[in-house]
Amino acid sequence: MSKIVKMEDLNKAKKRGLDALMPRKTKIMVGMATSGIASGAGEVYRALDSEIKKRKADIILKKTGSMGMDCIEPLVDVITPNMPRMAYGRVTAKQVPAIIDQILNGSIDKEKPTYYMGEEDFIVTGEKIKYYKGKKPASLKGINAIGDVPFYKKQVKLATRNCGLIDPENIDEYIAKGGYFSLYKALTTMTPDEIIEDVVKSGLRGRGGGGFPAGTKWRSCRDAEGDIKYVICNGDEGDPGAYMDRSLMEGDPHSVIEGMIIGAYAIGAHEGYIYVRNEYPLAVANLTKAIEQARACGLLGKNILKSGFDFDIRISQGAGAFVCGESTALMASLEGKAGEPRAKYVHTVEHGLWNRPSNLNNVETWANVPLIIARGGNWFSAIGDKASTGTKVFSLVGKVNNIGLVEVPMGIPLRDIIYDIGGGIPDGKEFKAIQTGGPSGGCIPAKLVELPVTFDDLKKAGSMMGSGGMIVMDEKTCMVDIARYFIEFLESESCGKCVPCREGVHRMKQILEDICEGRGQEGDIELLEDMAGAIIDGSLCALGGSAPNPVLSTIKYFREEYEAHIRDKKCPAAVCKALIEYRIDPDKCTGCGLCPRVCPTGAAKGKIKKIHTIDQKKCIKCGACVESCKYDAIIVE
Amino acid sequence: MVNLVIDGKKIQAKEGITLLEAARENGIDIPTLCSHESLEPSGACRLCSVEVTKGNRSKIVTSCIYTVEEGIKVNTESERVKKVRKLIMELLLARNPDSDVIIELAEKLGVKPQKRFLPDHDKGKCILCRLCIKTCETIVGVSAIGFSSRGATKIVGTPFDEESDVCIGCGACAYVCPTGHIQMETTGDTRTIWGRTFKMTACNVCGRYFAPEDQLKYISQKTGVPLKELSTCTSCR
């Protein structure tokens, strides 16, 4: 790897990168982020590899990250010179020979691509790169351009600009898309103050949950007294169902590294840490490679770009404690201590890691920095909402048709995310609520579907931005059970240092369990509300300080469900097993014999053509009968 | 000096001291459980929470950590403070129903057991205040005990609950424990603590068994005072 010192070197790397991105022969890229691998991309990759070798085809095979639309993975992209980029979704190893046939024949008659890309936005440089010249090939008739795919239509990709489009293991491809040019600009033409000023102007707020203005934090850390300062990247993403940061670290590690180098220069730090949870092996592997490459190119280490600035990064692996995503607990863990938070009356920008000024930002925050430097703070602040600028990456999961990572401009209504991007609720069910902000976020009810997604609007509605988890719930979701689930998660993840969080959340869980199991008592709702207030006020850190959110928000919007559980001993959504019964509707049952066959305990009984019955004593409420019944004859209430 | 108001009383306090120190110096009582004058505060029990008003914004802070600031108003008995304190005591009463210290403190603060919290019977009298761990680490300097697990299952003990080979049997942990949870038994020439039995040294003057051998060896090693000189009990020295 040749050293990068001058603009000329960067341009050379850019050229090499462009050749790798759009080579003179066909290239196949397989989405091999964790989401792709989980859907079977490894098998598809191996099938492609052996098929290419078998036919001695002159085709390049590469791995890339995730484009975000995880519900159509494994995703295979075919890039042929002067042809639109073809994306094949839900590919199986079986389809591979046909896809190779098509590449070799120049046809698309056997396997239909899911969508195509005619051009690609190089958002950092502002260029638009065309994959082909001239008119759209006739063979593309009936195939959507990526911009017309509902999942992508309303998305604006800033932080995830390169995910699924470049080979994360090749620094040249990152450079080809404008990478490290921002670092060059920052180190050779900007003073630290000018950089901080630009970040302040951009309005960038922390993407990890707190939403604290990044520029202000950088300024405080720069101004803090001390010779040794640190920059830290928080990659300890621990929310159940959230994987924005994982995808970024896997798919575009250099964007995080470049952001950190710029930040370190602005703040005056020479050492950086990336704290990644141990459960993200691919993120660690790709980051490690990227750091080695950056070091080999001289973009990390001594005298970066001959500016006289020294900086290097180390990766530290966490052991999977949710609380280590809290900045002071993370720093304790980096120091080799147990991951326990401390009170933040003294800020970490003044006394953080090893008691020295430390600037911690989340993965997504860092990834936005090179873009802000390249395009300017004003450009960035024009995107999104006034007080919540730019975009936010969300992991859209739960009861929604299109599951995946979405990056949207802030201020977009929830409706657009759930219905336009997410494609609505599966099986024609009603949308009931959406949980945002991870386990300690809140549940926002369907009636607030027009709520704009901003830091402040979500907070006002009793939830929060958090790091970006979005869990969609349909009418068959019990809100008390959901509150119980999240509280149980938080109870087990509380570090146990302070009494309100350790004991209070534990007792909240016991009460919620009681309510779900029919032992709820009059006064429980009021008690939960009282406890919530004192836990929020009394807890040491943000984990305890936000832990009651799922309970408070579900009580606020779905109080009648709590009352039904407590007073009537009923679960309106028919989820809480202790409160429901499975019965057979004699008017609908045809006596087909299916439910007795699938019932694992012999509770469903009946002779063929005779109305069946369910023995309540034997029924374990597993729901197998409901799934088997074709006549909708099983009543659950 | 810093000027502030605590419970309506105008106070001048030395810069850098905590609200708790400032209040106590002025005869204002704030209940605490995990605070100890010889140890760094940790803010774990939260019982010393007070409400601080700066301008028109107020927040709950732990007075054992929060340092005095010019112009702030501190309320140690506001409704918000009382709610936090009440919940903490209810939670501790449920966690440690057999602790006389907790029962007495709850009575003093006018807090009754919350019937909805079923009392635990597996936690003994330990309130996880961490005074023992900090004493062992920072005062004794051996770190024989620490936490294991987290959340509601967090416990204090020796690593892997095995006999500690660094423990010197000094009993400082038992001495500092505010609820008397830590069991230490000294009979004749032996002392048992944290599952390990130590041999006691007899005073070379009066013959009374006064300290574990390991403790005296440790002090001798640390201070350079010959072991022989340490083998006289404090009463005979």
Side-chain angles (χ1 to χ4, degrees), chain A residues 319 321-324 328-329 337-346 488-511 513-515 519-524 526-541 543-545 547, chain B residues 18-19 33-34 40-49 51-52 58-67 69 78-96 114-118 120 123 127-130 133 137 146-156:
Chain A
F322 177 70
V323 73
C324 285
T328 57
K337 297 175 188 155
E340 281 185 351
R342 62 158 178 81
K344 285 204 240 182
Y345 304 143
V346 178
E488 191 179 353
F489 174 84
L490 292 164
E491 180 215 24
S492 67
E493 292 295 339
S494 163
C495 81
K497 182 171 178 179
C498 78
V499 176
C501 175
R502 180 187 73 228
E503 307 290 335
V505 176
H506 168 61
R507 296 294 173 181
M508 270 190 149
K509 187 204 74 174
Q510 288 181 338
I511 295 169
E513 262 175 7
D514 278 357
I515 298 175
R519 298 185 300 270
Q521 298 177 12
E522 262 326 309
D524 277 356
E526 294 73 15
L527 175 61
L528 285 171
E529 286 175 319
D530 271 355
M531 288 174 75
I535 292 171
I536 291 169
D537 264 348
S539 289
L540 176 91
C541 83
L543 193 156
Chain B
T18 65
L19 291 181
L33 275 169
C34 73
E40 280 274 304
S42 63
C45 78
R46 322 299 289 168
L47 199 60
C48 71
S49 292
E51 188 166 354
V52 164
S58 72
K59 59 180 176 182
I60 300 288
V61 302
T62 33
S63 60
C64 68
I65 301 176
Y66 201 91
T67 47
E69 273 175 32
S78 75
E79 282 311 305
R80 265 173 92 186
V81 170
K82 280 194 216 156
K83 273 189 182 173
V84 172
R85 234 171 251 168
K86 175 171 170 274
L87 178 70
I88 290 168
M89 289 317 297
E90 286 172 350
L91 292 169
L92 289 177
L93 280 169
R95 177 189 165 90
N96 315 97
Q114 163 57 256
K115 290 198 184 88
R116 206 59 185 85
F117 302 161
L118 289 178
D120 286 338
K123 310 281 193 324
I127 56 168
L128 296 173
C129 70
R130 67 184 59 207
I133 292 174
E137 183 190 343
F147 286 122
S148 59
S149 195
R150 66 174 175 232
T153 54
K154 196 166 194 145
I155 48 165
V156 177

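Please read all numbers here as calculations on a predicted model, not as lab measurements. Note on naming: letters A, B, ... go to the chains in the order of the sequence lines (proteins, then strands), and numbering restarts at 1 for each one.
When L87(B), I88(B), L91(B), I127(B) are each tested for a side chain to side chain contact (heavy atoms under 4.5 Å, CB included) with E503(A), only one passes: L91(B).
Among D524(A), I536(A), L490(A), the residue making the largest number of heavy-atom pairs under 4.5 Å with chain B is D524(A). Ranked by heavy-atom pairs under 4.5 Å with chain A, the first of T67(B), V61(B), L33(B) is V61(B). The choice from C501(A), G504(A), G523(A), A343(A) that makes the most heavy-atom pairs within less than 4.5 Å of chain B is G504(A). Of the listed residues (L92(B), V81(B), V84(B)), the greatest number of heavy-atom pairs within a distance under 4.5 Å of chain A belongs to V84(B).
The minimum heavy-atom distance between C498(A) and G43(B), with the atom names listed, is CB-O, 4.4 Å. Of all non-hydrogen atoms in P500(A) and C45(B), the two that sit nearest each other are CD-O, 4.5 Å. G538(A) and R46(B) get closest at one heavy-atom pair: O-NE, 2.7 Å. When all heavy atoms of Y345(A) and I65(B) are compared, the closest pair comes out as CD1-CG2, 3.7 Å. Closest non-hydrogen pair, G496(A) versus K154(B), comes out as O-CD, 3.7 Å.
At distances below 3.5 Å, at least one donor-acceptor pair connects side-chain atoms of R150(B) with backbone N or O atoms of S492(A). Between the side chain of R507(A) and the backbone N or O of L118(B) there is at least one donor-acceptor pair closer than 3.5 Å.
Salt bridge status for D514(A) with R116(B): present, with a side-chain N to carboxylate O gap under 4.0 Å. Under the 4.0 Å criterion applied to side-chain N and carboxylate O atoms, E340(A) and R130(B) are assigned as salt-bridge partners.
Both the backbone and the side chain of I535(A) come within less than 4.5 Å of a heavy atom in chain B. Only the side chain of L527(A) has a heavy atom closer than 4.5 Å to any heavy atom of chain B. For chain A, no part of T153(B) is nearby; none of its heavy atoms comes within less than 4.5 Å. Heavy atoms of Q114(B) lying under 4.5 Å from chain A belong exclusively to its side chain.
Put simply, the side chain of R502(A) reaches to within 4.5 Å of the side chain of R95(B), judged on heavy atoms.
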Could you give me the CA-CA distance, side-chain angles and deciding distance for R85(B) and D537(A), then say whether salt bridge (charged side-chain N to carboxylate O under 4.0 Å, His left out) is met? CA-CA 10 Å; R85(B) 234 171 251 168; D537(A) 264 348; over 6 Å; no

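Taking a 6.0 Å sphere around CD of E40(B), one finds it holds 12 or fewer heavy atoms contributed by other residues, nucleotides or ligands.
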